[in-house]
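In what follows, every chain begins at residue 1, and chains take the letters A, B, ... in the order their sequences are listed. None of the values given here were measured: they were computed from a predicted structure.
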Amino acid sequence: MDASSTTVLATGSATGIARRLLDWYDEHARDLPWRARPGAAAPGPYRVWLSEVMLQQTTVQAVRPYFEHFTARWPTVEALAAADEGEVMAAWAGLGYYARARNLVACAREVAARGGSFPDNEDGLRKLPGIGAYTAAAVAAIAFGRRAVVIDANVERVVSRLFAISDPLPGARSAIREAADAITPDERAGDFAQAMMDLGSGPCTARDPACLLCPLSQHCAGRAEGDPARFPVKAPKRAKPVRQGRCFWIERDGAVWLVRRPGKGMLGGMRAFPDDGWHAGEDGSGEPPLPGDWQPAGRVQHGFTHFALELALMTLHTRAQPEGDGEWWPVADIGNAGLPTLFAKAARLALSQREEMA
DNA sequence: AAAGCGTGGCG
DNA sequence: TCGCCAAGCTT
């Protein structure tokens with residue numbers, strides 16, 4: 001226990017913080033599709049879990065249409081468990097971190113195998129694929145009313161400011177956890193967690209916190225110090241390399257050749273164009289998958305988490321059949337192939353070139 | 001336990 | 001413009 005949270009406990013303001021935050025939440029909670037609407041039934045574990053997985057490292061705005069689409073197409077965990085994994089991957093295309101989609105299906109199937117009910121506590125949830133410490137705590141608190149200490153980037157930011165925790169992340173994790181535990185209420189822990197999220201997305205933003213709108217400003221040591229935006233302190237990040245690579249548009253009779261990437265690793269399990277072997281650690285070889293009269297068709301820039309890629313698009317019209325597994329996909333329907341954004345950009349480029357030719 | 005893993009928005 | 005950042009998990 002660090003000095004600041006000890007002080008809070010000693011002064012008894014920990015419960016005051018929770019009360020003020022919950023009062024603020026009752027007044028200002030965002031209306032989100034995965035939350036209970038006034039007068040409507042509670043969302044239920046399936047929708048809570050689905051939303052939490054989609055929201056991992058992903059903004060509310062990006063998640064919203066995907067959540068609507070998934071819940072309309074697969075209304076229950078049993079329906080999702082019965083779905084074809086490839087179709088789920090395609091439906092996830094564009095949302096990123098595709099291991100989440102694979103784990104989503106695996107998790108749904110485990111839940112379906114236990115009769116369709118999620119474990120109702122943190123420890124049980126934590127054992128399911130794709131559910132880590134954060135998601136287990138969030139689902140336990142929000143869907144099952146458990147007292148759980150829910151810690152995400154919002155909570156880390158709010159708590160590090162509230163208590164002016166100067167140790168850099170990730171080292172400060174344990175201190176942040178103790179402080180978050182100290183202010184988490186026994187009742188309404190789920191609302192408390194969501195209130196922290198709303199606080200982090202509203203008043204207590206990363207860049208320019210609006211302390212005048214914050215219900216906790218009177219309790220905030222970071223603000224009292226004069227510069228709350230300096231929290232949380234973070235360790236410096238490594239520079240990311242820029243890699244060069246190619247991908248190959250092979251067209252025959254109005255269809256383009258698509259492959260499926262290996263199940264693990266970059267864009268794992270997703271449909272893709274053949275490429276020349278580029279990856280985070282190395283440029284591509286430049287070698288096309290088959291010989292022919294290849295034409296350069298421009299390049300796309302794309303940033304990944306740990307490297308940037310300059311991807312050159314090469315095109316070929318042929319009557320040959322590429323070696324290996326793949327499928328001919330109608331060019332006119334390429335928008336429905338479920339391509340991850342990198343290759344969707346390449347497809348857009350290819351289509352724009354065709355327009356110019358015509 | 002540090003590194004791999006997407007994407008889009010924002011100041 | 002571009003670096004930073006987001007309701008993290010896995011190995």
So which one's nearest nucleotide on DNA chain C is more toward 5', A:Lys264 or A:Val60? A:Val60
With nearest nucleotides of DNA chain C determined for A:Leu128 and A:Leu55 from heavy-atom distances, which residue corresponds to the more 5′ nucleotide? A:Leu55
Could you give the [atom1]-to-[atom2] distance, from [X] to [N], as a whole number of Å?
X        : N      : atom1 : atom2 : value
A:Tyr97  : C:dT11 : OH    : P     : 16 Å
A:Gln56  : C:dA6  : CD    : P     : 15 Å
A:Gln301 : C:dT1  : CD    : P     : 13 Å
A:Leu104 : C:dG8  : CG    : C1'   : 14 Å
A:Ile151 : C:dC9  : CD1   : C1'   : 16 Å
A:Arg207 : C:dC2  : CZ    : P     : 15 Å
A:Gln57  : C:dA6  : CD    : P     : 8 Å
A:Glu52  : C:dC9  : CD    : P     : 10 Å

Indicate, with a heavy-atom threshold strictly under 4.0 Å, whether [X] touches base, sugar-phosphate, or nothing.
X        : value
A:Ala153 : sugar-phosphate
A:Gly94  : sugar-phosphate
A:Trp49  : nothing
A:Pro170 : nothing
A:Leu95  : base
A:Thr305 : base

Between A:Asp191 and A:Arg35, does any side-chain N to carboxylate O distance fall below 4.0 Å?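 Looking at A:Arg35 together with A:Asp191, the answer is no, because their closest N to O distance does not fall below 4.0 Å.
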Whether [X] side chain and [Y] backbone form a donor-acceptor pair below 3.5 Å:
X        : Y        : value
A:Arg223 : A:Gln218 : no
A:Lys240 : A:Phe304 : yes
A:Arg161 : A:Gly222 : no

Hey, where on DNA chain B does chain A first and last touch, going 5' to 3'? Cut-off is any atom under 4.0 Å from a heavy atom.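 For DNA chain B, the relevant span reads B:dA3 to B:dG11.
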Looking at [atom1] of [X] and [atom2] of [Y], how far apart are the two atoms once the value is rounded to the nearest 0.5 Å?
X        : Y        : atom1 : atom2 : result
A:Leu313 : A:Phe343 : CG    : CZ    : 10.5 Å
A:Phe248 : A:Trp257 : CZ    : CH2   : 15.5 Å
A:Met314 : A:Asp275 : CE    : CG    : 13.5 Å

What do the steps show when you test A:Tyr134 against A:Gln56 for side chain to side chain donor-acceptor pair (under 3.5 Å), and what is the final call? CA-CA 9 Å; A:Tyr134 162 78; A:Gln56 289 166 5; over 6 Å; no
In terms of relative ring orientation, are A:Phe307 and A:Trp278 parallel, tilted or perpendicular, with 30° and 60° separating the classes?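 Rings of A:Phe307 and A:Trp278: tilted, 30 to 60°.
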May I ask you to evaluate whether A:Thr135 reaches the phosphate of C:dC9, defined as a side-chain N or O under 4.0 Å from OP1 or OP2?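 The answer is yes; a side-chain N or O of A:Thr135 sits under 4.0 Å from OP1 or OP2.
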Does A:Arg157 make a side-chain N or O approach to OP1 or OP2 of C:dC5 shorter than 4.0 Å? no
Starting the side chain at C-beta, find the nucleotide from C:dC9, C:dA6, C:dT11 nearest to A:Ala206. C:dA6
On a whole-Å scale, what distance lies between the P atoms belonging to C:dC9 and B:dG8? 22 Å
Count the heavy atoms of every other residue, nucleotide or ligand shown that sit under 6.0 Å from CD of A:Glu187, and state whether that count exceeds 12.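 No, because the 6.0 Å sphere around CD of A:Glu187 holds 12 heavy atoms or fewer from other groups.
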A:Asp333 atom CG: more than 12 heavy-atom contacts under 6.0 Å: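 Yes, because the 6.0 Å sphere around CG of A:Asp333 holds more than 12 heavy atoms from other groups.
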Strictly below 4.0 Å, heavy-atom distances to any atom of DNA chain C: list the hits from residues 184-198 of chain A, or just say none. A:Met197
Within residues 234-245 of chain A, find the residues that approach DNA chain C with a heavy atom at under 4.0 Å, and present them sorted by residue number.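 A:Lys234, A:Lys237, in order of number.
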Show the numbers, then the answer: is there a salt bridge (charged side-chain N to carboxylate O under 4.0 Å, His left out) between A:Glu110 and A:Lys127? CA-CA 10 Å; A:Glu110 285 194 26; A:Lys127 295 187 175 70; over 6 Å; no
Against A:Trp249, only a single residue in A:Trp329, A:Phe273, A:Trp294 fulfils ring-ring contact (aromatic ring centres under 6.0 Å, His included); can you say which? A:Phe273
